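So the structure is just underneath, and the comments pick up after that.
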Amino acid sequence: MKNYEVAWALQELADLLDLTGENSFKSRAYRVAARRIQALPKDISDLYREGRLTEIDGIGTAIAQKIGELLTTGEISLAQRLREQIPAGLFDVLTVPGVGPKRAYQFYRELGIDSLSKLKEAAKERKLRRLKGMGSKIESTVLAGIERIENPEKKRRLLLNTADYYGCLFKDRLAQHPQVTEVAVAGSLRRMVETIGDLDLVVATESPQEVAEYFKSFPEFGELVANGPTKISAIHKSGFQVDLRIVTPQEYPSALLHFTGSADHNIRLRQLAKGKGFRLSEYGLESTTDSKEVVTPASEAALYAFLGLPYIPPELREDRGEIEAGLAGELPKLVELADIRGDLHIHSCWSDGGATVEELARAAAQRGYQYIAICDHSRSLKIANGLELERLKRQHADIAELNARGDLGITVLTGIEVDILDERLDYEDDVLAEIDVVVASVHSGFKQPLERIMARIELAMRNPHVDILAHPTGRLLQRRSGYAVDMNRVIDLAVETGTALEINSFPDRLDLDDLTARKALQRGATIVINTDSHHLEQLAYMTYGVAMARRAWAGPGQILNCKDLTSLRKWLRDRGSTH
DNA sequence: GCCGTTTTCGGCCCGACTGTTTTCAGTCG
């Protein structure tokens, strides 16, 4: 059983405990344990065999026993019992905004509501208002919430590029207000989480009312779900929620830290503050002694310093070990966009891309790159105008001519995104041997069983000419989960064969994800960050791939395309010779 | 359920907003 499966089981147990009205600290303990296991570099089953589970911070005897039970029997008996007590439909009820565990269980206990449809019916029949502590308002809240959930266009999380677009839009518009002294995007978008639920913005001003009125007047907002003096939540007409928090300029750094989160990171910071005799909130630090002294740090960095920590970049703020690393002075220096020297997976109009090689090269040079590799599709992918051998040769001649002109300011490497077919690659080895950068990927047979997919991937990775495994899981965010692939095995193969694993920067892929990439790096695999661009503008997606790498704790030395051209060429040569 | 150079028991992060309450619980982040 894999770490994420164990983590998932503990998470489910926490949800079940919440619904039964258990002490909320108990469910939190399960959630903390789940998160620790998910971020664990080692296999949980190995630790279990060695009897070392309780060495993990947040895992005591009770949870260790349950993990043992799960690993040996495949089930936790407590979870089994709770599932009999709690209908699965209550989890759907929980997804309704404004309905938490207490109300969900109350609906079930007193009205027998165990599904969204029953909840909707009860709200329409005005039955909810009869319950203690509820009135007519809860019924309209529930109905509005269910309507949003049932509308598939509106319930989706935003892809990073979409969230980024809106985040900049609202930020710029708020910045134009004369009373706004500071404004920033916070929340999961600032942490660059792979998909975004709500947009969070923080502004500093001495005139909160004026700024609040200004924000509420934005024409694309529909209803307001919260409307207080310092916090406003509006529903954008396309369905997502935008939260604005208004603070004074003095409070701004503390508020920015607070609203960037994550919630778990904040909890750790407040515990640290408490140890130093201060209460940390979005308003700053307040002494818990009689003095009630208030400290409002001038920057996020100053606040971290007050707590004895170096500045922690937003992408790391997930309570995945960054606090411990910071205290120990062992935070990594993260890769930055400026460290990227090239893009090794770009499509041109030779296959299904929209730009010529020359246009791509010039745009890449503008970005400050030293090199790019043009990796169009191979011949079997007819739908994408894959290259027959004849056209592949002409493309190579074209690229050679471009490079020979010497006025590009960048080196164009030949490349291919070769399809991993059943039992072979889409070109023979002698063809692949002539290509600078060979990217291999699965584009077919997504429904095949694990063993068969893995056999194909292994064959590709063991091929000495294959340099990179592209979008290793094949997932499309919000659309499909990937094909059946054992990433533990893929990482082992990557380490063994030296094949680089791609972080694909396309906002609907981001594949590898942050946790898998981190695991790969911990085990010593090489990562490459590519855009898979099909149009000129998409070269800019590199930002998102770099963000995933940062969330995976990657430094520039661990990223293939942070090498300069000479080192990259050496890497490519050495690979060929060792296989 | 976890955890301990203030504790092996009694804490466990903090605050805004809402709706239904005459002082607070539930939800959210």
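Since we're looking at a predicted model, the values are computed, not measured. Naming: A, B, ... by sequence-line order, numbering from 1 per chain.
Closest to the side chain of A:K274, out of B:dT27, B:dG1, B:dC12, is B:dC12. Residue A:R245 places its side chain closer to B:dA16 than to any other of B:dC17, B:dC12, B:dA16. For A:P229, the listed nucleotide lying nearest its side chain is B:dC17; candidates were B:dC17, B:dT18, B:dC12. Side-chain proximity of A:A29 to the nucleotides B:dG1, B:dG26, B:dG29 is greatest for B:dG1. Counting only heavy atoms from C-beta on, A:K231 has its side chain closest to B:dC17 among B:dC17, B:dT27, B:dG1. Nearest to the side-chain atoms of A:K137 among the listed nucleotides B:dC17, B:dT20, B:dT27 stands B:dT20. When distances are taken from the side chain of A:R103 to each of B:dG26, B:dC2, B:dA16, the shortest belongs to B:dG26.
Remark: the A:D243 side chain and the B:dG29 base include no donor-acceptor N/O pair separated by less than 3.5 Å.
Going from atom NZ of A:K26 over to atom P of B:dG11 covers 18 Å, rounded to whole Å. Rounded to an integer number of Å, the gap from CZ of A:F107 to C1' of B:dT27 is 12 Å. Rounded to whole Å, atom P of B:dC17 lies 14 Å from atom CG of A:D200. Atom CG in A:L256 sits roughly 15 Å away from atom C1' in B:dG29 (whole-Å rounding). Straight-line distance from the OH atom of A:Y30 to the P atom of B:dG1: 5 Å, rounded to whole Å. A straight line from CE of A:M134 to P of B:dG19 spans 13 Å, rounded to a whole angstrom. As rounded to whole Å, 18 Å separates atom P of B:dG1 from atom CD1 of A:I56. Atom CD1 in A:I246 sits roughly 14 Å away from atom C1' in B:dC17 (whole-Å rounding).
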Original post:
Run the side chain to side chain contact (heavy atoms under 4.5 Å, CB included) check on A:Q85 and A:L16 step by step: do they pass?
Top reply: CA-CA 9 Å; A:Q85 190 183 334; A:L16 286 165; over 6 Å; no

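Residue order along DNA chain B, read from the 5' end via each residue's closest nucleotide, puts A:G228 first among A:G228 and A:D198. Summary of the strand contacts: A:Q271 and A:H258 both lie near DNA chain B, and taking for each the nucleotide with the nearest heavy atom, the more 5' one is attributed to A:Q271.
Distances shorter than 4.0 Å separate some side-chain N or O of A:Y283 from OP1 or OP2 on B:dA16.
For B:dT5, the glycosidic angle deviates from 0 by more than 90°, giving an anti base.
Remark: the backbone N or O of A:F25 is paired with a side-chain donor or acceptor of A:N23 at under 3.5 angstrom.
Qualifying ring-ring contact (aromatic ring centres under 6.0 Å, His included) partners for A:F306, counting only residues two or more places apart in sequence or in other chains: A:F278. A:Q241 is linked by a side chain to side chain contact (heavy atoms under 4.5 Å, CB included) to A:R148, A:D198, A:V225, A:S233, A:I235, A:D243, counting only residues two or more places apart in sequence or in another chain.
The base-pairing partner of B:dG1, taking Watson-Crick or G-U wobble contacts with both distances under 3.5 Å, is B:dC12.
Note: A:F221 and A:F215 meet the aromatic proximity criterion, with ring centroids under 6.0 Å apart.
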